[in-house]
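First the structure, in the form of structure tokens, and then the observations on it.
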Amino acid sequence: MGIINVTPDSFSDGGEFIAIEKAVAHALTMIADGADIIDIGGESSRPGAQPVSLEEELHRVIPVVEAIRKKSSIPISVDTTKAIVAREALNGGADIINDISAGLFDPEIIPVVAKHGAGYIIMHMQGTPQTMQDNPVYDDVVLEVGSFLQSRHRFCIDAGIEHNKLIIDPGIGFGKTPKHNLELLKNISSLATIGAPILVGVSRKTLIAALDDNADTAKDRLGGSLAAALFAIEQGASIIRVHDVLESAQALKTLLALLEESTSKKEAIH
Ligand code: YH5
């Protein structure tokens, strides 16, 4: 899954038309580089980020969804917690709603997804983006994240979202210390009992900086991002949410070739 942020930065240098064209060009590059899903977000959910209004988020995201849909049939997910943005995105050609609040910020979002027969990514977060990194505390982070995802998964099924449309995500960096994040990554396989594909987003996150003094800026975090993504796949994740699609796809193809049964040592000797 390749990440497209449609935030004020990408609007500042040349007006709205150019911002849309840039986002579309970025999406087409990611598709050529090997993305299987494009994730479009208009509200930053970084630690401390301020919310954007409904009008602003619609204005940022919907034209980009429509423009990418005109050029490609790739599955599009939209990173939003708002039911109205979800509805307009699905009407505009999106396939999946990526909701970092798991339906807890806007109770109408899950019914909207169910009505459209769309995909839904259920992510765990402790708190809200404004304050989640202030002092995250868990008794047992793996158990707590697992039981939250299990219960929201059940809620989505009961609300009419089909089983095969749901994806679960431990929410790396969302109300978690580096230690919590490492513990979750090491225990991703424990989420498999829920019975949904697992998505992991660790690309360029603060966890990488916490492990390497030379990774202060986001662009210096590629090596750590790749290592964590490959580890997540080995532990049972099916989807990795990344900024650097070409490098991630290459790393993934290499990992999968090395894990391939038919080229295993055992077979190769015969
Ligand atoms: C995710 O994990 N993450 S937005 C801070 C960074 C770098 C990246 C300080 N949306 C996820 O990517 N959706 C985001 O540097 C997400 N899973 C899902 N499903 C945060 C982000 C980032 C934040």
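Note that ligands are numbered from 1 as they come in the structure, with each ligand's atoms numbered from 1 the same way.
- With distances taken over non-hydrogen atoms, the option nearest atom 21 (C) of ligand 1 out of His243, Lys205, Gln133 is Lys205.
- Those atoms of ligand 1 that come under 4.0 Å of a heavy atom in Met123, given as number and element, are 1 (C), 17 (N), 18 (C).
- Remark: ligand 1 atoms within the under-4.0 Å shell around heavy atoms of Gly201 are 2 (O).
- Taking the charged nitrogens against the carboxylate oxygens, Asp216 and Arg221 have no contact shorter than 4.0 Å, which rules out a salt bridge.
- Ring centroid separation for the pair His26 and His243 does not come in under the 6.0 Å cut-off.
- For the residue pair Asp39 and Ser77, a side-chain donor N or O sits within less than 3.5 Å of a side-chain acceptor on the partner.
- Centroid-to-centroid, the aromatic rings of His124 and Phe174 stay 6.0 Å apart or farther.
- The protein heavy atom nearest to atom 13 (N) of ligand 1 is Asn98 ND2, 3.1 Å.
- In the vicinity of Arg204, heavy-atom distances shorter than 4.0 Å reach the ligand 1 atoms 6 (C), 7 (C), 15 (O).
- The protein non-hydrogen atom at the shortest distance from atom 14 (C) of ligand 1 is Arg241 NH1, 3.2 Å.
- Residue-ligand proximity, Ser203 to ligand 1, at heavy-atom distances under 4.0 Å covers atoms 7 (C), 8 (C).
- The pair Arg60-Glu56 meets the salt-bridge criterion, with a side-chain N (NZ, NE, NH1 or NH2) lying under 4.0 Å from an Asp/Glu carboxylate O.
- Ligand 1 places these atoms under 4.0 Å from at least one heavy atom of Thr206: 9 (C).
- Regarding atom 23 (C) of ligand 1, its nearest protein heavy-atom neighbour is Arg46 CG, 3.6 Å.
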Criterion side-chain contact (heavy atoms from CB on, under 4.5 Å) on Leu199 and Ile168, from CA distance to verdict: CA-CA 6 Å; Leu199 182 152; Ile168 55 172; over 6 Å; no
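- Residue contacts with ligand 1 for Val202 are absent, since no atom lies close enough (heavy atoms, distance under 4.0 Å).
- Residue-ligand proximity: Gly171 is placed with every non-hydrogen atom at 4.0 Å or more from ligand 1.
- Using a 4.0 Å cut-off between a side-chain N of Lys or Arg and a carboxylate O of Asp or Glu, Arg204 and Asp244 qualify as a salt bridge.
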